[in-house]
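What follows is a single structure, written as structure tokens, with notes after it.
Nothing fancy with the numbering, it's 1 onward along the sequence.
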Amino acid sequence: MSSAPAAPHERLESIDLLRGVIMILMALDHVRDFFGVPGVNPTNVATTTVALFFTRWVTHFCAPIFFLLTGTGAFLSRRRKSIGELSAFLFTRGLWMIFLELVIVRCFGLQFNIDYRVTFLEVLWALGWAMITLALLVRMPAVVSLLFGVVLVAGHNMLDGLRIAHPLWAIIHGPGFVINTPEHIVFAAYPLVPWVGVTALGYALGQLYDMTAAQRRLWLGRVGGSLIVAFIALRLINVYGDPFPWSIQRSPAFTLLSFLNTHKYPPSLLFLLMTLGPALLLLRLWDASTPRSLGPAVIVGRVPLFFFLIHFPFIHLLAVGVACARYGSAHWFFESPSLDKYPFTPPPEWGCSLAVIYLIWLAVVLALFPVCRWFAAVKARSQHRWLSYL
């Protein structure tokens, strides 16, 4: 007999689990940013190694899943909020995300300075605008969000050939410069299209959680599998869906890397098919129960923004400590004067091996987990509205 949909105030552990897993993986990428060898592009098939490529590739899943689940979480919030309350919450939380991006994360997390010589508009910036857009979409039938998301995700690569040197275009479909002067640079690394569309699709996805468990798992499996098949088929055709076609390389392994090396900035249709298809299959796999070994990831997934906000300064402080121990100074980690020296200026001969990066990542996750567990407990027992913004 099929189980009923989740109760109004019951947390869906599969969503928390998937969100927690991708947040933990995200920390790996940021540890590599601070401790990896400067100037090395892990996805350049001509120069990378298989291990380095997949270290970066696996973190590609983080942003698409986070945007998708943001939309799903918004739909599920309708169980305890009216449409008007949900719309207002999404609008104000979107503004809060943009503020966090421009002030807290940029200055006190990534760069450790407030000179604003170089500013990147990245994930929280795009997520904020996605929430503001969703504040409008929630007032319409969910099918509108579905159609809106499909058009943006499936169709935006038709605009790849356009080269428009305008700040608004950089924000919408860059990446590109919003401001580029000798004194200040603002670079839109996360163009809003199609990230806004992914969040809209996540909102439509939330409808599955009003179904019985059996129906939900059937649809998660069908849609997830279909997205993976669509990725393979379109990538093999090599005509549409990504601005950079794959090609035969020096070995079968590196040909596979070329096949998987889809474009993230902005995320191409193939990038999103490649990442969101497996995400839906994981939601189906974990829908019935949480593997015991992944229990800690559920805790992180209950406080994803909190984890995001604390992990940047923690990793940065670790890098400062290592620099002080090695060089007797760490001024480089407070200096980001140009685009190629963001979010810090690499010290001489800086960079760790991939094995050391994995060890640092493990240490970061273990160190931050007790803090996340404490904050998750605070949120669970408190009714303060401001906690919903963290």
Side-chain angles (χ1 to χ4, degrees), residues 20-63 105 109-112 120 122-123 189 249-262 264-265 274-275 293-294 296-297 300 307-308 310-336 338-372:
V21 167
I22 62 120
M23 297 306 291
I24 291 169
L25 284 176
M26 174 200 65
L28 171 61
D29 195 42
H30 297 149
V31 168
R32 185 189 57 78
D33 284 338
F34 276 92
F35 287 94
V37 178
V40 173
N41 182 355
T43 59
N44 184 342
V45 178
T47 59
T48 192
T49 65
V50 172
L52 180 60
F53 178 91
F54 279 108
T55 297
R56 173 58 175 143
W57 181 82
V58 73
T59 66
H60 279 340
F61 288 78
C62 300
V105 175
L110 277 168
Q111 294 173 282
F112 278 11
F120 269 55
E122 297 191 271
V123 61
Q249 301 294 317
R250 59 187 182 274
S251 71
F254 279 85
T255 298
L256 175 63
L257 301 193
S258 178
F259 190 85
L260 296 175
N261 189 23
T262 51
K264 181 180 180 181
Y265 302 104
M274 178 183 72
T275 52
S293 61
L294 295 179
V300 175
F307 179 87
F308 185 90
I310 65 174
H311 91 289
F312 272 125
F314 186 73
I315 295 169
H316 200 155
L317 282 171
L318 283 179
V320 168
V322 171
C324 286
R326 182 175 177 182
Y327 305 103
S329 174
H331 64 89
W332 302 277
F333 289 92
F334 299 83
E335 301 165 355
S336 49
S338 59
L339 208 59
D340 62 328
K341 295 176 181 176
Y342 176 90
F344 64 93
T345 300
E349 300 179 5
W350 183 255
C352 301
S353 69
L354 200 55
V356 172
I357 287 170
Y358 273 90
L359 289 174
I360 297 172
W361 169 56
L362 179 61
V364 167
V365 173
L366 291 176
L368 295 183
F369 176 73
V371 186
C372 291

*Which residue pairs pass the side chain to side chain donor-acceptor pair (under 3.5 Å) test with at least one member in residues 48-57, sequence neighbours excluded?*
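Passing the test, one end in residues 48-57: Asp29-Arg56, Thr55-Tyr358, Arg56-Thr59, Arg56-Tyr265.
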
*Return each pair, listed once, that meets side chain to side chain donor-acceptor pair (under 3.5 Å) where at least one residue sits in residues 312-334; pairs must be two or more places apart or across chains.*
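Passing the test, one end in residues 312-334: His331-Glu335.
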
*Would you please test Val371 and Phe307 for side-chain contact (heavy atoms from CB on, under 4.5 Å) and show each step?*
CA-CA 9 Å; Val371 186; Phe307 179 87; over 6 Å; no

With the side chain counted from C-beta on, respond yes when [X] and [Y] share a heavy-atom pair under 4.5 Å apart, and no when they do not.
X      : Y      : value
Ser336 : Phe112 : no
His311 : Met23  : no
Phe308 : Val123 : yes
Thr47  : Val40  : no
Phe35  : Val356 : no

*Parallel under 30°, tilted from 30 to 60°, perpendicular over 60°: which one fits the rings of Trp350 and Phe333?*
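Trp350 and Phe333: perpendicular rings.
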
_Where Cys352 and Val37 come nearest, the two heavy atoms and their spacing_ =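 So the two residues come closest at O-CG2, 4.2 Å.
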
*For Cys62 and Ile22, work out which heavy atoms get closest and say how close.*
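The answer is SG-O, 3.1 Å.
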
*Partners meeting ring pair (Phe, Tyr, Trp, His ring centres under 6.0 Å) with Phe259 (sequence neighbours left out)*: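 Scan of Phe259 (ring pair (Phe, Tyr, Trp, His ring centres under 6.0 Å), adjacent residues dropped) gives Phe231, Trp246.
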
_So if I apply the side chain to side chain contact (heavy atoms under 4.5 Å, CB included) rule between Phe34 and each of Val322, Val320, Leu110, Ile357, which one comes out positive?_
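Of Val322, Val320, Leu110, Ile357, side chain to side chain contact (heavy atoms under 4.5 Å, CB included) with Phe34 is met by Leu110 alone.
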
*Taking only residues two or more places apart in sequence, or in another chain, which ones meet Asn41 in a side chain to side chain donor-acceptor pair (under 3.5 Å)?*
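Scan of Asn41 (side chain to side chain donor-acceptor pair (under 3.5 Å), adjacent residues dropped) gives Thr43.
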
*Set of side chain to side chain donor-acceptor pair (under 3.5 Å) partners for Thr275, sequence neighbours left out*: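 Partners of Thr275 by the side chain to side chain donor-acceptor pair (under 3.5 Å) criterion come out as none, since no residue qualifies.
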
Under 3.5 Å, side-chain donor or acceptor atoms of residues 360-370 against the rest of the protein: list the pairs with distances, not counting sequence neighbours.
| from | atom 1 | to | atom 2 | distance (Å) |
| --- | --- | --- | --- | --- |
| Trp361 | NE1 | Ile24 | O | 2.8 |

Kindly compute the distance separating [atom1] ([X]) from [atom2] ([Y]), expressed to the nearest 0.5 Å.
X      : Y     : atom1 : atom2 : result
Leu256 : Phe53 : CG    : CZ    : 7.5 Å
Leu260 : His60 : CG    : NE2   : 9.5 Å
Leu28  : Asp33 : CG    : CG    : 9.5 Å

